[in-house]
Amino acid sequence: MVTAVAQRLLSQRKQVDDTLAHFSLNRDQLRVVRDKMRVELERGLRKDSHSSASVKMLPAFVFQTPDGTERGKYLALDLGGTNFRVLVVKIRSGIRKSVRMYNKIYAIPHEIMQGTGEELFDHIVHCISDFLDYMGMKNTRLPLGFTFSFPCRQTGIDKGSLVSWTKGFKATDCEDHDVVDMLRDAIKRRNEFDLDIVAVVNDTVGTMMTCAYEDSKCEIGLIAGTGSNVCYMEDMRNIETVEGDEGQMCVNTEWGGFGENGCIEDIRTKFDREVDEGSLNSGKQRFEKMTSGMYLGEIVRQILIDLTKRGLLFRGRITEPLKTRGIFETKFLSQIERFISTYTLIIALMHLQSLGSTCDDSIIVKEVCGAVSHRAAQLCGAGMAAIVEKIRENRGLEHLEITVGVDGTLYKLHPHFSRVLKDTVRDLAPKCTVSFVLSEDGSGKGAALITAVARRYCGGAQQQYLYSMRFSDETLLEIMSRFRRELEKGLSQDTNPTATVKMLPTFVRSIPDGTEKGDFIALDLGGSNFRILRVKVSHEKKQTVQMETEIYDTPEDIIHGSGTRLFDHVAECLGDFMEKHKIKDKKLPVGFTFSFPCAQTKLDEGILLTWTKRFKASGVEGMDVVKLLNKAIKKRGVRFTDIMAVVNDTVGTMMTCGFDDHRCEVGIIIGTGTNACYMEEMRHIELVEGDEGRMCINTEWGAFGDDGMLEDIRTDFDRDIDRGSLNPGKQLFEKMVSGMYMGELVRLILVKMAREGLLFEGRITPELLTKGKFETKHISAIEKSKEGLSKAKEILARLGVEPSADDCIAVQHVCAIVSFRSASLVAATLAAILTRLKDNKHVPRLKTTVGIDGSLYKMHPQYARRLHKTVRRLVPECDVRFLLSESGSGKGAAMVTAWAYRLADQTRSQTFNSGMSSVTPI
Ligand code: 0WK
Ligand code: 0WK
Ligand code: BGC
Ligand code: BGC
């Protein structure tokens, strides 16, 4: 016979179980959480959904974990966890590799946390001052790393604006302000000491770095403490909110915000909503409020109140203390779950008269604590499973082995949290072996390691001039619209004379249509090689092209000598070619690729406007190069050649690619020089009669900016390059992006950094001071991901410097910034041409092909991908196929010549027929 008491106890039991049942998540529910987290991670990374994503995925501008070469003495601040710490960290590398730290903990009073921003940062500076006094380091200007454990939108390692306060902080006038500036201002206000703030990092990032110093597999940082958050090393190509796509960058996920868009309402309980409504930032940080130390105790308190109200606990009597927010601290959970004996202590704390309570109360309280902490650990496990699975997929691995660096009082002190978290990860990410390493030294050490790397790469001022070579999309879009305006100025009759982008008509009216045929000679002058080709275009079943090529030198004394000598040299080579290929007696039409700006009024005439690149032969500018060549050919006695067409190498490239892809209507060169052509509507080309159809325009974009239009983005290095060039004041855009100048740009930057003692221990060798000693091909070699650094060592050794490992990394970094700038700028000007084509065609989406050639584009390991990616980001409404010209512009020149030849033929037969019409036809 079940007594009434037993009945009541059973129903009590069931009611408690029903309440706690909301906290036990089964595997399916956890899988759903994992998958939802994954979706939010992706949304945070993508450009189009980032701004509305609840998991912010904030770039941390940390590109690698420690490699053991870090060294130096640093100050570090650690704000945002339970304790505010000021530390001095001494890092040794090499055989004596070690990190020694000394720190002092300071309190952040509640009224400071929730006072004004100025008071908060003055307090921080006050603590620093006390620490420096204590350490007797007031007169040192040590580099500082600032661990700031709140969501910051960073644009550089030492730039970060506070997105929103979390946890117990709510100081005014801080959100959307740069925390480094606020700290610098406070130091200025105190005017007692000075610090070089080199880096601001999130505590998850600091924790990852601290643990990665010991374990190189550590690429994730987890904080399970007052707050909850994770960071990990993501592939740059997936981080759409930052430029660049090679290598990795650490991303601070700020997963505390998960669920702010309502995606986990199904597992949030009324207790969670209670806690949220009572928090400093309701509606925000919903995931954090279900998983972190700041809130677990509060959730328990809400449940205890609910159970007590329903008479299931403490005989239904709610005491004032129990009604007090935050009185049930999360550490109580750990203590109660570790030793039940602490229960009495805690109950006493809340004046809860356990005397009245039966032993059930202590068991129920322990169960409530267990349910809340268990769910928290499971949820973190589900979130972590999403992260490790993403990394595994990023790397296309069957199985991933990775380490997570962890810190936080909840993880450290709670008896079961870490185990439940690990079990959940193992269960939800079976293809990953995840090890968890506890951070013994806190994130201060990590912050110092990041400062060492940041200081190595570009401490303070230097970063400024390197930094100014990185362009945001906003800047690139601005350059794009400037170039677009220049295009239009060049096309219009009135403004063309003063336009810098000359928009030269080429008299090429269409790309190959497959009917071309014949046997041609093509000359290809102006790139890094002078080629002469024989091009046979035949039409058996399908149109095929055979080519025989010879490469000839263009010695410096020839290209810097007189025009006569230059063209004599060309004629000489032509003669030699026809010898070698036994076509001396063949009358073959010639197509002349002349890769310099020429004003044309017809296909077989090209008035050289100005030399560019390495050429400076006298007496040619202002002259028709076809005439000059014909004269030299005659003089050389090379018979039977008939120059039918002179084309720019961009046009030749477009035609060569147009042969294989009839959508090709743009040709660009990214080689020694740079330039682009495209098919423009005749009605827009005011310099040429006629409105029907299209004509290819040679833009000569190399001269973009010659009118000062780009002064805001040109650096002193660019100005040095121009001053030292053959044509100062000209081709300013070309000098920022093309292969002829890029190596020299890097050399000038390395010299400046060495002079400032940031490279090669300040040693500058004569070779390093020699112009042209650092070539663009060296950049391509050094940026190769695998062997790049050893190549750097080799190349720098040839410049007489003995580079340290750090030096090689820094040099690789400089190369990447310079080549990346080039690809970004070319992407911006190309994007302008693409939007022009789209508007010309009045189509919502442009589908087109761009033919490309040039040694920089071909040889550089990352250039092509960077260019493609940036173009697609700048003009998403254009579907662009990039087609590399395998066979050079000679083939294209032959296509144009075939066309010119046919035209001449038709004219000849028309004249003849019109002559014949007066005479009976043959
Ligand atoms: C110790 C780290 C600090 C981090 C803290 C988090 O040095 O950067 O913020 O862990 O744990 P909490 O103190 O919030 O439990
Ligand atoms: C190969 C083309 C040639 C063009 C050259 C540009 O056949 O017409 O001038 O590419 O690239 P560079 O040789 O200057 O790197
Ligand atoms: C902050 C994170 C921080 C985490 C752990 C959260 O409230 O938003 O930036 O990493 O707490 O301290
Ligand atoms: C010339 C262009 C040429 C480009 C690529 C520039 O210096 O002005 O005509 O297309 O180099 O070779």
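Throughout, residue positions are numbered sequentially from 1 according to the sequence presented. For ligands, and for the atoms within them, numbers begin at 1 and follow the listed sequence.
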Margin query: Regarding ligand 1, does Asn83 bring an N or O atom to under 3.5 Å of one of the ligand's N or O atoms?
Written below: no

Next item on the list: Mark up the atoms of ligand 2 that fall under 4.0 Å of a heavy atom belonging to Ile669, in ascending order.
Entry: 6 (C)

Notebook entry, point to check: Considering only heavy atoms of Ile669, which atoms of ligand 4 have at least one such atom less than 4.0 Å away?
Noted result: 5 (C), 12 (O)

Margin query: Is there a polar contact, in the sense of an N or O pair closer than 3.5 Å, between Asp203 and ligand 1?
Written below: yes

Check: Hey, which atoms in ligand 4 end up nearer than 4.0 Å to a heavy atom of Gln731?
Finding: 7 (O), 8 (O)

Next item on the list: From the options Asn229, Val201, Thr409, Leu413, select the one whose nearest heavy atom is closest to atom 15 (O) of ligand 1.
Entry: Thr409

Checklist line | Atoms in ligand 1 flagged as close to Gly81, the criterion being non-hydrogen separation under 4.0 Å | finding: 9 (O), 13 (O), 14 (O)

Notebook entry, point to check: Atoms of ligand 2 less than 4.0 Å from Gly527 heavy atoms?
Noted result: 9 (O), 13 (O), 14 (O)

Check: Among Thr672, Val647, Thr549, which residue places a heavy atom closest to atom 12 (P) of ligand 2?
Finding: Thr672

Checklist line | Ligand-residue contact atoms, ligand 2 with Ser595, heavy atoms, under 4.0 Å | finding: 9 (O)

Check: Which residue owns the protein heavy atom closest to atom 10 (O) of ligand 4, what's the atom, and how far is it?
Finding: Asp649 OD1, 2.6 Å

Note to self: Out of all atoms in ligand 1, which are within 4.0 Å of some heavy atom of Arg85? Include the element for each.
What the structure shows: 1 (C), 7 (O)

Next item on the list: Of the side chain and backbone of Asp78, name the one, both, or neither that has a heavy atom under 4.0 Å from an atom of ligand 1.
Entry: side chain

Next item on the list: Report yes or no: do Tyr863 and Ser780 form a side-chain donor-acceptor pair below 3.5 Å?
Entry: no

Item checked: Contact atoms of ligand 2, heavy-atom distance to Gly671 under 4.0 Å -> 11 (O), 12 (P), 14 (O), 15 (O)

Note to self: For the residue pair Ser164 / Lys284, report whether a side-chain donor-acceptor contact shorter than 3.5 Å exists.
What the structure shows: no

Notebook entry, point to check: Do Glu783 and Ser819 meet the criterion of a side-chain donor-acceptor pair at a distance under 3.5 Å?
Noted result: yes

Check: atom 14 (O) of ligand 1: which protein heavy atom is closest, and how many Å away?
Finding: Thr226 OG1, 2.5 Å

Check: Any idea which protein heavy atom is nearest atom 11 (O) of ligand 2, and the distance to it?
Finding: Gly854 CA, 3.2 Å

Notebook entry, point to check: Hey, is ligand 4 close enough to Glu700 that some N/O pair sits below 3.5 Å?
Noted result: yes

Check: Which atoms of ligand 2 sit under 4.0 Å from any heavy atom of Gly888?
Finding: 7 (O)

Checklist line | Polar proximity ligand 2 side, Asn529 side, N/O cut 3.5 Å exclusive | finding: no

Item checked: Numbered atoms of ligand 4 (with element) below 4.0 Å of Phe596, judged on heavy atoms -> 9 (O)

Checklist line | Ligand-residue contact atoms, ligand 1 with Thr82, heavy atoms, under 4.0 Å | finding: 12 (P), 13 (O), 14 (O), 15 (O)

Margin query: Taking only non-hydrogen atoms of Lys412, do any sit less than 4.0 angstrom from ligand 1?
Written below: no

Margin query: Out of all atoms in ligand 4, which are within 4.0 Å of some heavy atom of Gly673? Include the element for each.
Written below: 5 (C), 11 (O)

Margin query: So, applying side chain to side chain contact (heavy atoms under 4.5 Å, CB included) with Leu525, which one of Val625, Thr593, Val570 is it?
Written below: Val570

Next item on the list: State whether a side-chain donor-acceptor pair under 3.5 Å links Glu486 with Thr500.
Entry: yes

Check: Between Glu298 (side chain) and Gly326 (backbone), is there a donor-acceptor pair under 3.5 Å?
Finding: yes

Next item on the list: Would you mind listing which atoms of ligand 2 come within a distance below 4.0 Å of any non-hydrogen atom of Ser528?
Entry: 12 (P), 13 (O), 14 (O), 15 (O)

Check: Which protein heavy atom lies closest to atom 1 (C) of ligand 2, and at what distance to 0.1 Å?
Finding: Asp853 OD2, 3.3 Å

Next item on the list: Look at the rings of Tyr411 and Phe436 and say which category their plane angle falls in: under 30° parallel, 30 to 60° tilted, over 60° perpendicular.
Entry: parallel

Item checked: Numbered atoms and elements of ligand 2 in range of Ser855, under 4.0 angstrom, heavy atoms -> 11 (O), 12 (P), 15 (O)

Next item on the list: Enumerate the atoms of ligand 1 whose separation from the nearest heavy atom of Gly442 is less than 4.0 angstrom.
Entry: 7 (O)

Notebook entry, point to check: How far is atom 8 (O) of ligand 1 from its nearest protein heavy atom, and which residue and atom is that?
Noted result: Ser443 OG, 2.5 Å

Check: Do Glu734 and ligand 4 have an N or O pair less than 3.5 Å apart?
Finding: yes

Check: N/O of Thr207 under 3.5 Å from N/O of ligand 1, yes or no?
Finding: no

Next item on the list: Compute whether any side-chain donor of one residue and acceptor of the other, for Asn675 and Asp649, lie under 3.5 angstrom apart.
Entry: no

Item checked: Mode of Ile223 contact toward ligand 1 - side chain, backbone, both, neither (heavy atoms, under 4.0 Å) -> side chain

Notebook entry, point to check: In terms of residue, atom name and distance, what is the protein heavy atom nearest to atom 7 (O) of ligand 2?
Noted result: Asp524 OD2, 2.6 Å

